[in-house]
Amino acid sequence: MGGLDLSEIDTGDLVREVQRRLECLSKPEKRLILIGPPGSGKGTQSPMIKNENCLCHLATGDMLRAAVAAKTPLGLEAKKAMEAGALVSDEIVVGLIEDNMKRPECRTGFVLDGFPRTVVQAQKLDEMLQHKGQTIDRVLNFAVRDQLLVDRITGRWVHPASGRSYHEKFAPPKVAGVDDVTGEPLVKRKDDNAETLKSRLSAFHAQTAPVIAYYKEKVVHIKADKAQGEVAGQVRRALA
Ligand code: AMP
């Protein structure tokens with residue numbers, strides 16, 4: 001088993017993992033896309049969507065930030081656009097998605113968070129899936145007015161390793177500046193400031209909004225300006 005020693009894993013954890021995998025066997029395949037402006041709650045809802053539907057979570061923003069932090073050639077190429085609040089090239093993000101979709105946990109489906117962000121990316125994704133006889137099942141459109149997003153983004157703190165996010169006023173961690181689960185420090189994203197947000201929102205309206213029209217038969221609109229629990233309820237109903 002690839003050198004993994006199961007005797008080192010806590011029995012309770014092991015039993016829960018086996019139970020989870022057994023429950024997953026009866027879940028239908030699902031291929032989902034989350035679309036929404038920065039701060040609309042895609043990343044917040046993703047763990048619930050992934051866990052309850054037994055999917056893998058692919059967030060191009062998280063992958064790109066990891067590449068920037070690791071100073072890989074891809075990261076170095078993406079860095080400038082990300083810091084300016086502009087989109088990274090379609091070629092880079094399509095390549096990332098193509099590679100990551102091969103992960104075993106993506107076999108029965110995925111939730112794409114922050115991808116596709118252009119119509120070209122959507123077309124490439126459709127081609128990729130067509131080759132495997134697969135298709136996108138549903139596209140959740142997290143709709144929020146731009147004015148609300150300034151407060152959400154400027155007060156945001158994230159735990160880079162897990163992608164978990166907090167808000168200093170609306171969803172504070174138990175201890176300020178520290179991740180609830182790991183106790184590791186939280187950071188502010190470089191692009192989470194009012195100035196860069198303007199560029200990110202223009203990129204969203206100009207380049208990503210057309211993706212909603214592209215998938216119009218599959219889109220479910222989510223009122224993402226509501227509280228976290230209420231949005232989760234809308235998402236569950238949309239996927240039922
Ligand atoms: P996010 O974490 O989704 O807000 O993404 C952060 C930044 O990564 C964006 O502002 C873009 O510069 C870049 N990025 C993430 N996903 C994509 C994508 N699908 N296409 C192009 N650029 C992306």
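In this text, all values refer to a predicted model and were calculated from it rather than measured experimentally. Every number for a ligand or one of its atoms is a count from 1 in the order of the listing.
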Show me a pair-per-line table, with atom names and distances to 0.1 Å, of protein N or O atoms that are under 3.5 Å from an N or O of ligand 1.
{"unit_1": "ligand 1", "atom_1": "2 (O)", "unit_2": "Arg65", "atom_2": "NH1", "d": "2.9"}
{"unit_1": "ligand 1", "atom_1": "2 (O)", "unit_2": "Arg65", "atom_2": "NH2", "d": "3.0"}
{"unit_1": "ligand 1", "atom_1": "2 (O)", "unit_2": "Arg189", "atom_2": "NH1", "d": "3.2"}
{"unit_1": "ligand 1", "atom_1": "2 (O)", "unit_2": "Arg189", "atom_2": "NH2", "d": "3.4"}
{"unit_1": "ligand 1", "atom_1": "3 (O)", "unit_2": "Arg117", "atom_2": "NH1", "d": "3.1"}
{"unit_1": "ligand 1", "atom_1": "3 (O)", "unit_2": "Arg117", "atom_2": "NH2", "d": "3.0"}
{"unit_1": "ligand 1", "atom_1": "4 (O)", "unit_2": "Arg117", "atom_2": "NH2", "d": "3.3"}
{"unit_1": "ligand 1", "atom_1": "4 (O)", "unit_2": "Arg189", "atom_2": "NH2", "d": "3.0"}
{"unit_1": "ligand 1", "atom_1": "5 (O)", "unit_2": "Arg117", "atom_2": "NH2", "d": "3.4"}
{"unit_1": "ligand 1", "atom_1": "12 (O)", "unit_2": "Ala86", "atom_2": "O", "d": "2.6"}
{"unit_1": "ligand 1", "atom_1": "16 (N)", "unit_2": "Thr60", "atom_2": "OG1", "d": "2.8"}
{"unit_1": "ligand 1", "atom_1": "16 (N)", "unit_2": "Gly114", "atom_2": "O", "d": "3.4"}
{"unit_1": "ligand 1", "atom_1": "16 (N)", "unit_2": "Arg117", "atom_2": "NH1", "d": "3.0"}
{"unit_1": "ligand 1", "atom_1": "19 (N)", "unit_2": "Gly114", "atom_2": "O", "d": "2.9"}
{"unit_1": "ligand 1", "atom_1": "19 (N)", "unit_2": "Gln121", "atom_2": "OE1", "d": "3.0"}
{"unit_1": "ligand 1", "atom_1": "20 (N)", "unit_2": "Gln121", "atom_2": "NE2", "d": "2.9"}
{"unit_1": "ligand 1", "atom_1": "22 (N)", "unit_2": "Val88", "atom_2": "N", "d": "3.0"}

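- Here the side chain of Arg138 pairs a donor or acceptor atom with the backbone of Ala238 at under 3.5 angstrom.
- Within a 6.0 Å radius of NZ in Lys27, other residues, nucleotides and ligands contribute more than 12 heavy atoms.
- Here Lys124 does not pair with Asp90 in a salt bridge; the nearest charged N to carboxylate O distance is not below 4.0 Å.
- When the shell of 6.0 Å around NZ of Lys218 is examined, it contains more than 12 heavy atoms from other residues, nucleotides or ligands.
- Between Lys198 and Asp146 no salt bridge is recorded (no basic side-chain N to carboxylate O distance below 4.0 Å).
- More than 12 heavy atoms of other residues, nucleotides or ligands sit less than 6.0 Å from atom NZ of Lys188.
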